[in-house]
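Okay, structure first, notes after.
Positions are given from 1 along the sequence. This structure is a prediction, so every number in the text was calculated from the model and none was measured.
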Amino acid sequence: KKSTMRGSFYITLAFQLLLFLPSSNHLPWHHSNSNSNTFKNQNTVSAQIIDDNNSGQCTTLQDTTNYMSTPSVVSKVLNYLDAHRTLLENTIFRSYTDHHQNVTKPSTQYKYADFRSALEWMAGTGVERGETARDREGGERLAFYMGPDNCNGDGWHVGLANVAAFLGQSMTMVILNDTCDELNWEMVFPRTGSDGFNGFYPLSNACGQHGVSYTSSPPHNECIGTIEEKYACDVDPYMTMTSQSRSPFEGDAPPPLQCFPRTPEQTTTGHYDPMLLNENKGGMMVNEEGNVWPSYLGRTDVEGCCWWGRGALHTKGVCNLGKLNYYLGKRAADEGRESKYGDIDFCANPEATCSDDERTMEMRWIVALFEWVERVQTYENEENGWNYIEELTKFTMDEGDLIGSIKFSFGKGEPTHFVDEV
């Protein structure tokens with residue numbers, strides 16, 4: 001089942017651009033005389049790969065856990081991307097010029113050089129896993145999968161497809177709007193009429209949008225109530241924070257997302273009304289007794305609601321940001337593990353992804369790539385046997401319809417990444 005959302009279009013576009021396909025079902029390395037066994041799923045069946053002695057002989061090895069590609073495979077993917085940088089910059093790294101969404105310009109927030117640097121680090125170095133055996137299940141490091149080092153030397157095509165899937169998702173969620181922080185985009189409609197401007201934007205959307213709480217419930221906080229709850233950030237009701245981003249479009253743009261504690265004088269946060277035009281041709285904030293409209297989550301305040309999305313996939317929620325801190329942030333450093341950002345406590349300062357002046361442009365990509373590796377690349381549904389890496393590999397063999405068997409979901413009760421529809 002293909003998604004009806006624009007995500008399906010942009011992932012298809014990313015695949016076509018990166019793989020230079022006339023259609024999504026014909027890959028450039030497939031020829032009439034090609035061997036259908038070029039790729040064997042490295043996740044569940046034996047793969048023909050170069051042996052450890054580099055003798056040039058093929059040996060059948062079973063590797064069900066380690067997604068760390070060899071340096072030569074990583075280099076092949078990066079060299080391919082570099083060779084087609086101009087095309088990628090002219091198509092994928094572009095953002096809308098206005099809310100009509102029909103004209104684009106080069107993105108100012110997401111640039112190829114920063115993406116490339118982050119991808120090289122996440123694929124070539126990766127993240128050290130935790131201290132327990134369970135944490136290390138799946139290999140010693142979490143890394144972006146660039147494909148197997150197979151005998152035909154074309155295993156990197158699997159990695160290229162993984163890159164295309166990632167960029168298609170990022171383009172859909174973030175690049176097109178050219179913001180690091182999630183925007184306040186969900187309207188409530190207390191007024192009658194079908195015109196979209198009859199709605200309000202509650203400031204309390206900082207607590208979660210589309211019916212999904214960022215503080216207390218799945219999918220963005222799927223660790224709550226499970227063995228993985230150890231990762232979750234504690235919710236601090238006194239935390240005060242303002243998003244670095246607001247809508248880049250002129251007109252009816254709500255203010256940036258914020259979080260701050262309630263006070264006896266201010267128990268509600270109000271809403272943005274685009275119908276109340278001010279001198280800048282935009283709307284106005286309203287917060288007055290008798291005119292309080294809650295978000296779809298029922299919130300009328302933003303206390304403890306500092307967990308909105310940030311980075312190239314808008315990583316959000318106390319669990320995902322807690323995992324980020326556990327693997328890449330201060331908690332990793334405090335517990336004696338390698339840490340890319342050991343000086344940043346992502347639980348105390350979740351806005352660091354967007355506000356760190358010196359590192360933010362690369363960091364927003366590394367944060368997104370980490371979430372992709374941790375949530376998408378390792379995704380497997382044991383009930384129906386759907387496995388992301390397996391389906392990715394089948395796609396490169398013309399044996400599966402990756403785009404048709406996955407969808408982007410932003411709805412209640414579903415994660416904002418690949419979920420299988422088998």
Side-chain angles (χ1 to χ4, degrees), residues 85 88-89 92-97 105-127 144 166-167 170-171 173-184 206 214 233 236 238-250 253-260 302 305-318 320-334 337-372:
R85 173 174 178 168
L88 297 176
E89 289 179 328
I92 291 179
F93 293 88
R94 296 187 66 85
S95 307
Y96 290 131
T97 59
K105 61 178 177 59
S107 172
T108 62
Q109 300 296 312
Y110 296 93
K111 298 181 180 295
Y112 173 82
D114 302 312
F115 161 72
R116 201 265 192 203
S117 175
L119 179 64
E120 182 176 20
W121 185 85
M122 198 65 208
T125 301
V127 179
F144 191 93
F166 170 82
L167 284 177
S170 180
M171 189 178 185
M173 295 185 66
V174 181
I175 299 176
L176 286 170
N177 288 326
D178 211 20
T179 63
C180 182
D181 291 270
E182 180 180 357
L183 298 176
N184 186 340
Y214 299 160
C233 294
D236 179 3
Y238 298 102
M239 187 180 289
T240 299
M241 200 164 294
T242 300
S243 164
Q244 298 288 305
S245 307
R246 66 174 301 157
S247 174
F249 311 138
E250 295 183 2
L257 294 175
Q258 302 176 59
C259 62
F260 49 83
V302 292
C305 294
C306 307
W307 313 102
W308 58 81
R310 298 165 174 95
L313 285 183
H314 278 172
T315 299
K316 56 178 67 72
V318 294
N320 288 330
L321 289 167
K323 287 182 179 180
L324 178 65
N325 197 47
Y326 181 88
Y327 286 106
L328 286 168
K330 188 176 185 295
R331 183 172 174 185
D334 289 347
R337 288 174 278 113
E338 294 177 17
S339 176
K340 177 72 170 175
Y341 304 112
D343 59 325
I344 298 178
D345 187 335
F346 290 98
C347 288
N349 182 18
E351 188 63 18
T353 300
C354 301
S355 65
D356 187 293
D357 292 337
E358 295 183 358
R359 294 173 289 182
T360 180
M361 297 302 286
E362 181 192 62
M363 189 190 302
R364 58 189 65 181
W365 285 110
I366 287 181
V367 168
L369 288 165
F370 170 74
E371 181 179 8
W372 185 268

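Note that CD of E89 and CZ of R94 are 10.0 Å apart. Values are rounded to the nearest 0.5 Å. Atom CD1 in I92 sits 10.5 Å away from atom CG in L176 (nearest 0.5 Å). Atom OG1 of residue T179 and atom NE2 of residue H314 lie 4.0 Å apart, to the nearest 0.5 angstrom. The CG atom of D356 lies 4.5 Å from the CD1 atom of I344; values are rounded to the nearest 0.5 Å. How far OG1 of T353 is from CZ of R364: 9.0 Å, rounded to the nearest 0.5 Å. A distance of 8.0 Å separates CE of M363 from OG of S355, quoted to the nearest 0.5 Å.
Under the 3.5 Å distance criterion, the side-chain polar atoms of N320 are matched with a main-chain donor or acceptor of K316. Side-chain atoms of S107 never come within 3.5 Å of backbone atoms of D178 as a donor-acceptor pair (strictly under, hydrogens ignored). The main-chain N or O of G329 is found under 3.5 Å from a side-chain atom of S339 such that the two form a donor-acceptor pair. Judged by distance alone, with hydrogens and angles left aside, the side-chain atoms of S95 form a donor-acceptor pair with the main-chain N or O of I175 at under 3.5 Å. Between the side chain of Y96 and the backbone N or O of K105, no donor-acceptor pair lies under 3.5 Å. Between the side chain of D181 and the backbone N or O of Q244 there is at least one donor-acceptor pair closer than 3.5 Å.
For the residue pair A332 and E338, the shortest heavy atom distance occurs at CB-O, 3.6 Å. Nearest heavy atoms, R337 versus Y327: NH1-CA, 4.4 Å. Scanning all heavy atoms of the two residues, the minimum distance from N349 to M241 falls at OD1-CE, 4.0 Å. Between M122 and F370, the shortest heavy-atom contact is CE-CA, 4.0 Å. Across all non-hydrogen atoms, the minimal contact from L321 to T315 is CD2-O, 4.2 Å. Contact record, A368 with A312: CB-CB, 3.6 Å, taken as the closest heavy-atom pair.
A cation-pi arrangement, defined by a distance under 6.0 Å to the six-membered ring centre and an angle within 45 degrees of its axis, is absent between R331 and F346.
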*side chain to side chain contact (heavy atoms under 4.5 Å, CB included) assessment of W121 paired with V127*: CA-CA 9 Å; W121 185 85; V127 179; 4.0 Å; yes
_C259 vs C306, test: disulfide (SG to SG under 2.5 Å). Steps then yes/no._
CA-CA 5 Å; C259 62; C306 307; 1.9 Å; yes
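Here the side chains of V174 and L313 are not in contact, with every heavy-atom distance at 4.5 Å or above. Residues W372 and S170 fail the side-chain proximity criterion, which asks for heavy atoms closer than 4.5 Å. By the 4.5 Å heavy-atom criterion applied to side chains, R359 and Y341 are counted as neighbours. Within the 4.5 Å cutoff, no side-chain heavy atoms of R310 are placed close to those of V367. Proximity of P350 to W307: side-chain heavy atoms (C-beta onward) are separated by under 4.5 Å at one or more points. Residues C354 and E351 have side chains in contact (heavy-atom distance under 4.5 Å, counting atoms from C-beta outward).
Residue K330 qualifies as open at atom NZ: its count of foreign heavy atoms under 6.0 Å is 12 or below.
Between Y112 and F93, the ring planes lie perpendicular to each other; the angle is over 60°, past the 30° to 60° tilted range. Between F166 and F115, the ring-plane angle classifies as parallel under the 30° and 60° cut-offs.
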